[in-house]
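Input: a single structure, listed below in structure tokens.
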Amino acid sequence: MYRFLLTPRWWGINVFAVLAIPFCIFMGSWQLSRFEDRVDTHHQQKDRSAEAKTAAARPLAELLPVDKVTSGRQATATGRYDTAHQLLVPDRELDQRRGFYVLTLLRTDGGKALPVVRGWLPGDADAPEDRAKVPAPPSGAVKVTGALQASENQGTDGVHAGGGLPAGQLGMISAASLVNIVPYDVYDAWITVTDAQAPLRAVPPTAAEGSGLDLKAFQNLGYTGEWFVFAGFVVFMWFRLFRREAEAARDVALGLVPEEGPDGADDGASGEQTKQTKQAERAERAEQAEQAAKVEQAEQAEQAEQAAKAPRP
């Protein structure tokens, strides 16, 4: 009855199922491992953030380049503020209030400039009255201490990647954004000062990219479910096709072959009839066959009776 499994069509179906199911399970497991890695790095980042608050500040050069380990660490740098290139970073939120960062470039003793976020102010960076509240940076040689941060990118919250900002404003804190604004080299990192100058408020450091339970982490969890659902769907469809073919083979074995349409196509295989309709048709054909058998038996019995009553020569 199951000889249909050896047909070329079912060879293709079986090969597809054998390859698709392990692949879906592998992809689901891989996405789950990505989510678990995010959870682990989130806990590690929380531990590192707690340690960074109590750890002694280290020279900037010892913490570069910025990675998941050095992000958020306290760094120190000495130099002079470039008062001619103080920039405002608009549309940044702090405690659910909209405002802007005040960023000033620190010309370090090594020659490169370090972007320093001196603090945050509520208001609109385009409003003259709000810009007037920005305090002037300290003059002369200064030593700056703050949390080290990696350069922002287009996926960072609050970033204006499209440009079009007025002069004196910066949409994204990164060396790539500053290279066309200042005539000197800039570190591919920035710091947010620990003690902000009044009326500025210190900007808390953010977790390193890829180390927190952000939207991407939960996307990995969603993809995990999708891949396992795909694997289950392949199994379901294989058994559904197998059952339909087995029922058709059984009908053929019982002589209950479904009627063919004008084009010679099997109505049962076309998928147009429901399961209940097929069962009703099979029952009707079986009943007709049974009635025909009874009629034939009655005719044979009548013929035998007539033969018995006939006079013998």
Side-chain angles (χ1 to χ4, degrees), residues 1-42 155 210 213-308:
M1 185 183 350
Y2 302 129
R3 293 180 63 87
F4 62 86
L5 292 174
L6 300 178
T7 61
R9 173 172 173 265
W10 270 94
W11 270 107
I13 293 174
N14 292 334
V15 170
F16 172 79
V18 168
L19 295 178
I21 293 172
F23 176 76
C24 292
I25 294 176
F26 168 77
M27 292 299 297
S29 302
W30 178 70
Q31 290 289 353
L32 181 60
S33 67
R34 292 289 302 275
F35 175 74
E36 292 174 344
D37 290 341
R38 292 268 189 163
V39 174
D40 292 340
T41 55
H42 173 69
L213 294 178
D214 54 7
L215 179 60
K216 291 182 179 179
F218 289 101
Q219 283 179 343
N220 293 134
L221 186 60
Y223 293 150
T224 299
E226 288 182 359
W227 282 112
F228 288 139
V229 169
F230 291 158
F233 180 74
V234 173
V235 174
F236 166 76
M237 289 302 300
W238 188 93
F239 276 105
R240 183 177 180 182
L241 292 174
F242 173 81
R243 182 177 179 181
R244 189 174 70 177
E245 292 283 351
E247 289 178 352
R250 183 177 57 190
D251 289 347
V252 172
L254 294 174
L256 305 176
V257 181
E259 296 179 356
E260 294 186 352
D263 56 352
D266 189 342
D267 292 339
S270 65
E272 297 294 335
Q273 295 177 329
T274 63
K275 181 179 179 180
Q276 293 78 6
T277 303
K278 291 181 180 180
Q279 291 175 347
E281 290 179 352
R282 288 197 295 268
E284 183 179 356
R285 294 191 185 98
E287 184 178 357
Q288 291 175 354
E290 183 179 357
Q291 290 177 354
K294 289 181 180 180
V295 170
E296 185 178 357
Q297 290 177 357
E299 291 177 352
Q300 292 177 354
E302 184 178 355
Q303 291 175 359
E305 184 179 355
Q306 291 178 354

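Throughout, residue positions are numbered sequentially from 1 according to the sequence presented.
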Separation between CG of L5 and CH2 of W11, rounded to the nearest 0.5 Å: 9.5 Å

Do you know the tightest heavy-atom contact between F228 and I25? CE2-O, 3.8 Å

Using the side chain to side chain contact (heavy atoms under 4.5 Å, CB included) rule, take R250 and E247 through it: C-alpha gap first, then chi angles, then the decisive distance, then the call. CA-CA 5 Å; R250 183 177 57 190; E247 289 178 352; 3.8 Å; yes

Closest non-hydrogen contact found for P22 with A17 is CD-O, 4.2 Å

Rounded at 0.5 Å granularity, tell me how far CE in M27 sits from CG in L32. 12.5 Å

F23 vs W227 aromatic rings, parallel, tilted or perpendicular, using cut-offs 30° and 60°? perpendicular

Determine whether F239 and V235 make a side-chain contact, defined as any pair of heavy atoms from C-beta on separated by less than 4.5 Å. yes

Mind checking whether W238 and F16 have side chains closer than 4.5 Å, heavy atoms only? no

If you round to the nearest 0.5 Å, how far is CG of L221 from CD of Q31? 9.5 Å

Between the OG1 atom in T7 and the CD1 atom in I13, the distance rounded to the nearest 0.5 Å is 7.5 Å

Should we count CZ of F242 as having more than 12 external heavy atoms under 6.0 Å? yes

Shortest non-hydrogen contact between G28 and T224, atoms and distance: O-CG2, 3.4 Å

Run the side chain to side chain contact (heavy atoms under 4.5 Å, CB included) test on V234 and F230 for me, step by step, so that the C-alpha distance in whole Å, both residues' side-chain angles and the decisive distance to 0.1 Å come before the verdict. CA-CA 6 Å; V234 173; F230 291 158; 5.6 Å; no

